[in-house]
Amino acid sequence: MMNKIILKEKLDLELSLFSGQAFRWKKKLNWYYGFIDNKFLKLRIKNNCLEYVCSDDWVAQDKVYDYFGLGIKYNEIFENFDDELSTVAYKKLQGMRVLNQDPWECLISFIISAWSNVPKISNTIHLLCQKLGYKYILDDMVGYSFPSPIQITGLTESEMKSFGMGYRGQYVLKTSKIIEENKILLSDFYNEDYFDSLKFLLTFPGVGDKVANCVLIYSLKKYNAFPVDLWVERLLVEDYGLNKKMSLINKRKWGQNYFGKYSGIIQHYLFHYKRKYNH
DNA sequence: GTTTGACCTGGATCC
DNA sequence: CTGACCAGGTCAAAA
């Protein structure tokens with residue numbers, strides 16, 4: 001059964017799903033296959049509507065709506081912020097949305113992402129899901145749900161290495177154990193402010209300032225989170241005149257202060273623009 | 001508070 | 001074809 005969501009603002013699935021915030025969407029014949037609410041489905045844009053078809057499990061419309069953050073008006077954010085480069089990036093990448101992913105999957109994914117690259121990250125996550133996840137089939141595509149903390153704690157370090165995690169395997173294992181043993185629900189942090197959430201995330205092994213800020217902006221709706229990776233750092237130094245010597249934390253704080261309440265969303269546009277058009 | 005180097009690993013680049 | 005090198009960070013050590 002086909003579901004439709006009428007779009008009020010432009011949505012570009014290619015840009016939203018393949019701009020380095022999510023790692024396991026697959027495109028086939030104009031459909032994008034992947035997981036929302038950890039259930040397998042496919043999506044496409046047609047006639048100003050977002051259409052989707054679920055596999056075995058039904059995904060409610062508001063979950064899909066929320067995944068793409070469709071309640072946030074990007075027009076207003078960028079119109080109200082007078083900055084040349086941001087305006088250019090916005091026009092060039094219009095329709096790219098900052099996603100609201102599952103926080104648990106997001107946390108593990110970005111721990112794995114440390115000092116790596118997108119194809120490798122995707123592959124590692126895929127192997128992990130294939131090993132432990134629930135198998136879904138839709139058309140001729142197969143999808144595996146993202147494993148729970150207790151499932152991951154059942155793995156050995158050598159199994160982690162066989163997925164290509166390298167030294168990040170022990171971080172993933174330890175973080176899963178902490179979450180499992182303390183019955184932590186990351187979704188509780190929807191109700192906490194940015195600073196408290198950040199402080200808590202930093203207690204997990206393998207989570208530094210960059211990874212924590214990724215989890216906050218790409219899953220926990222902290223729109224002023226501001227991950228400073230290599231690309232954003234270059235951007236701040238080359239295009240905004242920051243001193244290269246400034247610490248990463250201070251660069252992050254500068255960004256949050258300069259770009260404001262929605263600095264995380266603006267950051268994602270600038271980050272992607274820098275990577276794509278302006279190395 | 002900063003700076004430095006080790007850390008897994010697959011793939012691109014350059015001899 | 002081998003080997004150093006790099007890539008969307010984190011952590012621990014530093015007389």
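None of the values given here were measured: they were computed from a predicted structure. Every chain is numbered from 1 and lettered A, B, ... according to where its sequence line falls, protein lines coming before strand lines.
Within residues 104-131 of chain A, the residues approaching DNA chain B are Trp115(A), Lys120(A), by heavy-atom distance under 4.0 Å.
Using the six-membered ring where Trp is involved, Tyr52(A) and Trp58(A) have ring planes that are tilted, between 30° and 60° apart. Using cut-offs of 30° and 60° for the angle between ring planes, the Phe259(A) and Phe81(A) rings count as tilted. Below 30°, between 30° and 60°, or above 60°: for His268(A) and His272(A) the angle between ring planes is below 30°, a parallel geometry. The aromatic rings of Phe18(A) and Tyr32(A) sit tilted relative to each other, their planes meeting at an angle between 30° and 60°.
Residue Trp231(A) contributes atom CH2, which lies 15 Å from atom P of dC6(C) at whole-angstrom precision. Between His272(A) atom NE2 and dG8(C) atom P the separation is 13 Å, expressed in whole Å. Per the geometry, CG belonging to Asp209(A) stands 19 Å off P belonging to dG8(C), to the nearest Å. Separating the CD atom of Glu233(A) from the P atom of dG9(C) is a distance of 9 Å, rounded to the nearest angstrom. Look at CE on Met160(A): it is 14 Å from P on dC8(B), rounded to the nearest Å.
A donor and an acceptor atom, one from each side chain of Asn213(A) and Tyr194(A), are located under 3.5 Å apart. Checked by atom type, the side-chain pair Tyr262(A)/Asn80(A) shows no donor-acceptor distance below 3.5 Å.
dA13(C) sits 15 Å from dC8(B) when the P atoms are compared, rounded to a whole Å. Distance noted for atom P between dA6(B) and dA4(C): 14 Å (whole Å). The separation of dC14(B) from dA7(C), taken at their P atoms, amounts to 13 Å, rounded to a whole angstrom. If you take atom P in dT10(C) and the same atom in dG11(B), they sit 24 Å apart, rounded to whole Å. With both ends at atom P, the span from dC6(C) to dC15(B) equals 13 Å, rounded to whole Å. Remark: the separation of the C1' atoms in dT9(B) and dA12(C) is 22 Å, to the nearest Å. When the C1' atom is used for both dC5(C) and dG5(B), the distance is 16 Å, rounded to whole Å.
Of the listed nucleotides (dT9(B), dG8(C), dG9(C)), dG9(C) has the atom at the smallest distance from the side chain of Val211(A). Of the candidates dC8(B), dT3(B), dG8(C), the closest approach to any side-chain atom of Gln170(A) belongs to dC8(B).
Consecutive Watson-Crick or G-U pairing (both distances under 3.5 Å) extending over three or more pairs maps onto DNA chain B as B:2-7 with C:9-14, B:9-11 with C:5-7.
At a threshold of 4.0 angstrom between heavy atoms, the contacts of Gly20(A) include nucleobase atoms, whether or not backbone atoms are also involved. Residue contacts shown for Phe204(A) are limited to sugar-phosphate atoms, with no base heavy atom under 4.0 Å away. Within the nucleic acid shown, Asn213(A) has no heavy atom closer than 4.0 Å to any nucleic acid atom.
In this structure, NZ on Lys120(A) lies 7.0 Å from OG1 on Thr124(A), to the nearest 0.5 angstrom.
Within 3.5 Å, no donor on the side chain of Tyr171(A) pairs with an acceptor on the base of dG9(C), nor the reverse. Between the base of dG8(C) and the side chain of Arg275(A) there is a donor-acceptor pair shorter than 3.5 Å.
Residues Tyr273(A) and Tyr269(A) keep their aromatic ring centres 6.0 Å or farther apart.
A ring pair (Phe, Tyr, Trp, His ring centres under 6.0 Å) with Phe35(A) is found for one member of Tyr134(A), Phe40(A), Trp25(A) and no other, namely Phe40(A).
For Gly206(A) and Asp229(A), each mapped to the nucleotide of DNA chain C holding its nearest heavy atom, the one lying further toward the 5' end belongs to Asp229(A).
Between the side chain of Glu157(A) and the backbone N or O of Leu173(A) there is no donor-acceptor pair closer than 3.5 Å.
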